[in-house]
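These notes are about the structure you will find just below.
By convention in this document, chain letters (A, B, ...) are assigned in the order of the sequence lines, proteins followed by strands, and residues within each chain are numbered from 1.
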2 protein chains.
Amino acid sequence: MTTLCQRPYRHALDRLRASGLRPTRQRLALAKLLFDGCDRHVTAESLHSEASTSDIQVSLATVYNTLHQFTEAGLLREIVVDAGRSYFDTNVSDHHHFFHERTGSLTDIPGAEVVVAQLPPAPAGTKIRRVDVIVRIQD
Amino acid sequence: MTTLCQRPYRHALDRLRASGLRPTRQRLALAKLLFDGCDRHVTAESLHSEASTSDIQVSLATVYNTLHQFTEAGLLREIVVDAGRSYFDTNVSDHHHFFHERTGSLTDIPGAEVVVAQLPPAPAGTKIRRVDVIVRIQD
DNA sequence: GTGATTGCAAATCTTTTGCACTAAA
DNA sequence: TTTAGTGCAAAAGATTTGCAATCAC
């Protein structure tokens, strides 16, 4: 199978196994939707309705649980751009985001295209876990 | 009256008047809590309980409404760091934030201490409204 | 089998809204 | 007065949780 996207292809089953997640029917189906194609941004709601459209039976609660399990396993990255709605990104490499405020859509900015040139040291006793840059755009 | 903080002092009443907001008892009381002192970060819940402690009677709904009205008027800035909870910052000048993930606390980073050296152009037909840099820290 | 996972529905939490009441101008 | 603003309680979303049923191993 080929993909049009520049992303290391890996069978959903292998991804789950490698992450120590039991490959249940629901997890496999969601993993296929998420990873068999281009990088994408989903919300629990959007993934759930996509699953429904594809005749995959998964409850919304399981979609939430699965998204968090995938995130913990490093298969997804959670992006916080909107208080009151969680986005998940299948692209877990170092990069930032455009957030279109009217439509609520996210677009990746390749890591190399944003350079945070200076950063103050983390407060005493803490360390930097991640730096998120959100470029908020509008029409 | 003096303040220990380097911030242009302005009476709460004047701020409201200048913003075209009718200075009601509730708005005045909340404005005093927010602006008579150092810059701060609040959530609706935290401001509401602070008001209660100070024997200020305001409903939570009014706190929400007021925070949004202040934000629209440019007196506050909303910071999105946590899906499911809105933070508001009394510092509306150009700056970024440390977000301590365990405690949920926000700290300002002066604008000059973070330099986003490169930015790709906004997608066609859009313009950049703001660039938010969130430095997520942990113990 | 047996322990992990799921579905469902209920609970929780944050935020918004409708509307009668109150207060600022 | 007159109209904006408030409080309350209910509604609305998003997310989580408890628990019996189900499934992977």
(request) Could you please name the option among D:dC8, D:dG5, C:dC8 that lies closest to any side-chain atom of A:S59? (result) C:dC8

(message) Please pick, from D:dT6, D:dT17, C:dG7, the nucleotide with the shortest atom-to-atom distance to any side-chain atom of A:N65.
(response) D:dT17

(message) OP1 or OP2 of D:dC23 versus the side-chain N and O atoms of A:Q26: is any pair under 4.0 Å?
(response) no

(request) May I ask you to check whether B:D36 and B:H11 show a side-chain donor-acceptor distance below 3.5 Å? (result) no

(request) Could you tell me the separation between the CD atom of A:E78 and the C1' atom of D:dT16, rounded to a whole number of Å? (result) 14 Å

(message) Nearest to the B:A61 side chain among D:dT6, C:dT6, D:dC8, which nucleotide is it?
(response) D:dC8

(message) Any heavy-atom pair between the side chains of B:R136 and A:I128 that's under 4.5 Å?
(response) no

(request) May I ask you to check whether B:F88 and B:H68 place their ring centres under 6.0 Å from each other? (result) yes

(message) From CG of B:L16 over to P of C:dA23, roughly how many Å is that when rounded to an integer?
(response) 18 Å

(message) Without decimals, in angstroms, what is the distance between B:E72 CD and D:dG5 P?
(response) 12 Å

(request) Could you tell me whether the side chain of B:Y87 and the main chain of B:G104 form a donor-acceptor pair under 3.5 Å? (result) yes

(message) Among C:dT17, D:dG5, D:dG7, which nucleotide has an atom closest to any side-chain atom of B:T62?
(response) D:dG7

(message) Rounded to whole Å, how long is the line connecting atom CZ of B:R27 with atom P of C:dA23?
(response) 15 Å

(message) Let me confirm one number: the CD-CG distance from A:Q69 to A:L21, rounded to the nearest 0.5 Å.
(response) 6.0 Å

Which pairs, protein N/O on one side and nucleotides 12-15 of chain C N/O on the other, fall under 3.5 Å?
| unit_1 | atom_1 | unit_2 | atom_2 | d |
| --- | --- | --- | --- | --- |
| C:dT14 | OP1 | B:R85 | NH2 | 3.3 |
| C:dT14 | O3' | B:G84 | O | 3.4 |
| C:dT15 | OP1 | B:S86 | N | 2.7 |
| C:dT15 | OP1 | B:S86 | OG | 3.4 |
| C:dT15 | OP2 | B:Y64 | OH | 2.3 |
| C:dT15 | O5' | B:Y64 | OH | 3.2 |

(message) Salt bridge check, A:D132 against A:R77: does any charged N sit closer than 4.0 Å to a carboxylate O?
(response) yes

(message) Nearest whole Å is fine: how far is C:dT16 C1' from A:D82 CG?
(response) 15 Å

(message) How many whole angstroms separate atom CZ of A:R22 from atom P of C:dT6?
(response) 9 Å

(request) Establish, with yes or no, whether the OP1 or OP2 oxygen of C:dT6 is under 4.0 angstrom from a side-chain nitrogen or oxygen of A:R25. (result) no

(request) To the nearest Å, give me how far apart CG (B:L21) and C1' (D:dT6) are. (result) 14 Å

(request) State, yes or no, whether a side-chain contact exists between A:H100 and B:T126 at a heavy-atom distance under 4.5 Å. (result) yes

(request) Could you tell me the separation between the NE2 atom of A:H48 and the C1' atom of D:dT16, rounded to a whole number of Å? (result) 15 Å

